[in-house]
S.K.: 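So that we are looking at the same thing, I have put the structure below in structure tokens.
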Protein chains: 2
Amino acid sequence: MGMERNTIQRRAVQRTIQEADRPLSPEEILAEGKRYCPTLGIATVYRTVKEFLADGWISPVRLPGDAARYEIAGKTHHHYFYCHRCARTSEVRGCPDGLHRLTPSGFKLEDHEVVLYGTCASCVREVKEGRKRK
Amino acid sequence: MGMERNTIQRRAVQRTIQEADRPLSPEEILAEGKRYCPTLGIATVYRTVKEFLADGWISPVRLPGDAARYEIAGKTHHHYFYCHRCARTSEVRGCPDGLHRLTPSGFKLEDHEVVLYGTCASCVREVKEGRKRK
DNA sequence: GTCGTTGCAAAGCGTTTGCAGCCTA
DNA sequence: TAGGCTGCAAACGCTTTGCAACGAC
């Protein structure tokens with residue numbers, strides 16, 4: 001694989017992505033990665049992510065209209081829930097039904113992407129707390 | 001509605017979006033709009049699009065990894081089929097079932113996006129033709 | 001004539017790249 | 001020690017904003 005030198009920075013990025021339970025944006029990788037390497041820079045994050053992508057070790061998660069996020073490759077098929085309040089992306093298991101029914105006749109369906117939008121559990125909780133205090 | 005003055009520029013943007021048979025990016029709106037107003041500037045396009053969005057006249061089309069595009073609002077709720085062969089985006093009516101079933105417990109589902117990927121009817125036909133000739 | 005609107009240019013913002021110095025092997 | 005790797009800062013492309021001039025009403 002492309003990694004020729006095993007540096008603190010690369011281990012930090014690798015570990016960060018590995019330990020995350022959701023796809024991370026470069027900025028999120030930087031913030032978390034600094035816990036393992038305080039001098040970590042954003043340029044290195046971008047360069048390392050690019051390398052890991054080329055290696056096939058991670059795969060890009062592209063939500064409509066949002067910056068790319070990255071997660072370990074080879075996970076089982078899944079989709080995403082995007083919280084518009086905290087901008088975090090959670091993983092969603094399973095697929096909706098009837099995708100083939102939607103496909104126009106004559107078209108060949110090969111893949112699909114589903115993104116759910118709304119408020120995540122912790123934000124729902126915070127909103128409720130906020131209302132109580134008023 | 002927000003439009004207080006009926007300027008050439010706004011009419012140009014409005015007409016461009018109205019006459020398009022597909023969602024347009026700001027850059028595409030600028031290029032087309034210049035046919036109706038040669039002095040049209042990109043800043044005005046962004047400002048006008050923002051206004052139209054606030055007015056509810058147009059709605060954003062968000063495809064994964066792609067820049068935002070805009071189309072006339074008020075169409076019935078729909079999704080998109082992206083053909084990876086000709087890179088065209090078709091409209092798909094209806095929604096899959098069981099979206100709520102996918103939503104993690106405690107989360108509040110407010111919206112969703114579905115993108116189908118595959119081969120469109122005319123590309124399916126072309127591929128078949130190609131095979132026959134062999 | 002007023003004042004909302006425009007076009008330019010500059011500023012933001014996220015991402016990429018050039019480069020001198022650092023550090024892994 | 002060599003040269004890949006890093007961090008800084010500048011460059012980039014797209015979008016937003018400040019401002020003086022313009023023009024719809």
Side-chain angles (χ1 to χ4, degrees), chain A residues 1-17 20 22-55 57-71 80 82-84 86-89, chain B residues 1-17 23-55 57-71:
Chain A
M1 110 165 157
M3 186 190 291
E4 305 197 1
R5 290 191 186 176
N6 182 17
T7 64
I8 301 172
Q9 288 83 351
R10 287 183 189 182
R11 282 197 300 274
V13 171
Q14 186 172 16
R15 203 173 153 187
T16 298
I17 296 175
R22 61 194 178 85
L24 300 181
S25 68
E27 211 58 52
E28 289 172 328
I29 295 171
L30 176 67
E32 281 301 302
K34 277 191 169 169
R35 290 184 4 198
Y36 304 125
C37 174
T39 68
L40 186 63
I42 187 67
T44 300
V45 171
Y46 277 105
R47 280 188 282 234
T48 308
V49 160
K50 215 170 180 180
E51 236 175 61
F52 286 169
L53 277 174
D55 293 344
W57 193 71
I58 60 176
S59 50
V61 174
R62 305 197 291 179
L63 299 195
D66 214 37
R69 287 153 200 271
Y70 305 92
E71 65 180 10
Y80 304 94
Y82 178 89
C83 175
H84 56 67
C86 66
R88 286 223 203 142
T89 302
Chain B
M1 95 171 169
M3 186 191 289
E4 306 197 1
R5 289 191 187 175
N6 183 16
T7 65
I8 301 171
Q9 288 84 350
R10 287 183 191 182
R11 282 197 301 272
V13 172
Q14 187 173 16
R15 203 172 153 188
T16 299
I17 296 175
L24 299 180
S25 68
E27 212 58 54
E28 289 172 328
I29 295 171
L30 176 66
E32 282 300 302
K34 277 191 169 167
R35 290 184 4 200
Y36 304 125
C37 172
T39 68
L40 187 62
I42 188 68
T44 298
V45 171
Y46 278 105
R47 279 187 285 233
T48 309
V49 160
K50 215 171 179 179
E51 234 175 64
F52 287 170
L53 277 174
D55 294 343
W57 269 53
I58 60 175
S59 51
V61 174
R62 316 177 285 186
L63 291 194
D66 221 27
R69 284 152 196 278
Y70 304 92
E71 66 180 9

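Below, chain A is the first sequence line, B the second, and so on; all start at residue 1. Scope of the values below: all heavy atoms of this structure, side chains included, with no hydrogens, waters or symmetry mates.
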S.K.: Write down the distance between CD1 (A:Ile42) and P (D:dC8), rounded to a whole number of angstrom.
M.R.: 12 Å
S.K.: From CD of B:Glu28 over to P of D:dC14, roughly how many Å is that when rounded to an integer?
M.R.: 13 Å
S.K.: Dump the intermediate steps for side chain to side chain contact (heavy atoms under 4.5 Å, CB included) on B:Ile17 and B:Trp57, then the final yes or no.
M.R.: CA-CA 10 Å; B:Ile17 296 175; B:Trp57 269 53; over 6 Å; no
S.K.: Would you say B:Gln9 reaches C:dG7's phosphate, i.e. side-chain N/O to OP1/OP2 under 4.0 Å?
M.R.: yes
S.K.: Determine: side-chain N/O of A:Lys50 to OP1/OP2 of D:dC5, distance under 4.0 Å, yes or no.
M.R.: no
S.K.: Just how far, in rounded Å, is P of C:dT5 from CZ of B:Phe52?
M.R.: 11 Å
S.K.: Verify the contact: side-chain N or O of A:Arg10 to OP1 or OP2 of C:dT24, cut-off strictly under 4.0 Å; return yes or no.
M.R.: no
S.K.: With a 3.5 Å cut-off and heavy atoms only, can you find an N or O donor on one side and an acceptor on the other between the side chain of B:Arg47 and the base of C:dG7?
M.R.: yes
S.K.: Are OP1 or OP2 of D:dG7 and a side-chain N or O of A:Thr44 less than 4.0 angstrom apart?
M.R.: yes
S.K.: Kindly point out which of D:dC25, C:dC8, C:dT6 is positioned nearest to the side chain of B:Asn6?
M.R.: D:dC25
S.K.: Between C:dG7 atom P and B:Ile8 atom CD1, what is the distance in whole Å?
M.R.: 9 Å
S.K.: So, OP1 or OP2 of D:dG7: does either fall under 4.0 Å of a side-chain N or O from A:Thr39?
M.R.: yes
S.K.: Considering all heavy atoms of both residues, which atom of A:Arg69 and which atom of A:Tyr82 are nearest to each other, and what is their separation?
M.R.: NH2-CE1, 3.9 Å
S.K.: Atom CD of A:Glu51 and atom P of C:dT17: how far apart are they, to the nearest Å?
M.R.: 14 Å
S.K.: Between atom CD1 in A:Ile29 and atom P in C:dG14, what is the gap in whole Å?
M.R.: 15 Å
S.K.: Give the nucleotide from the list D:dT17, C:dG18, C:dT5 with an atom nearest to the side chain of B:Arg5.
M.R.: C:dT5
S.K.: Can you give me the closest heavy-atom contact between B:Pro26 and B:Val45, atom names plus distance?
M.R.: O-CG1, 3.7 Å
S.K.: Is there side-chain contact between A:Glu28 and A:Arg22, with heavy atoms separated by less than 4.5 Å?
M.R.: yes
S.K.: Starting from C1' on C:dT6, measure out to NZ on B:Lys34 and report it in whole angstrom.
M.R.: 14 Å
S.K.: Taking atom C1' of C:dT6 as reference, at what distance in whole Å does atom OH of B:Tyr36 sit?
M.R.: 21 Å
S.K.: If you round to the nearest 0.5 Å, how far is OG1 of B:Thr48 from CD of B:Gln14?
M.R.: 10.0 Å
S.K.: Could you tell me whether the phosphate oxygens of D:dG23, OP1 or OP2, come under 4.0 Å of any side-chain nitrogen or oxygen in B:Thr7?
M.R.: no
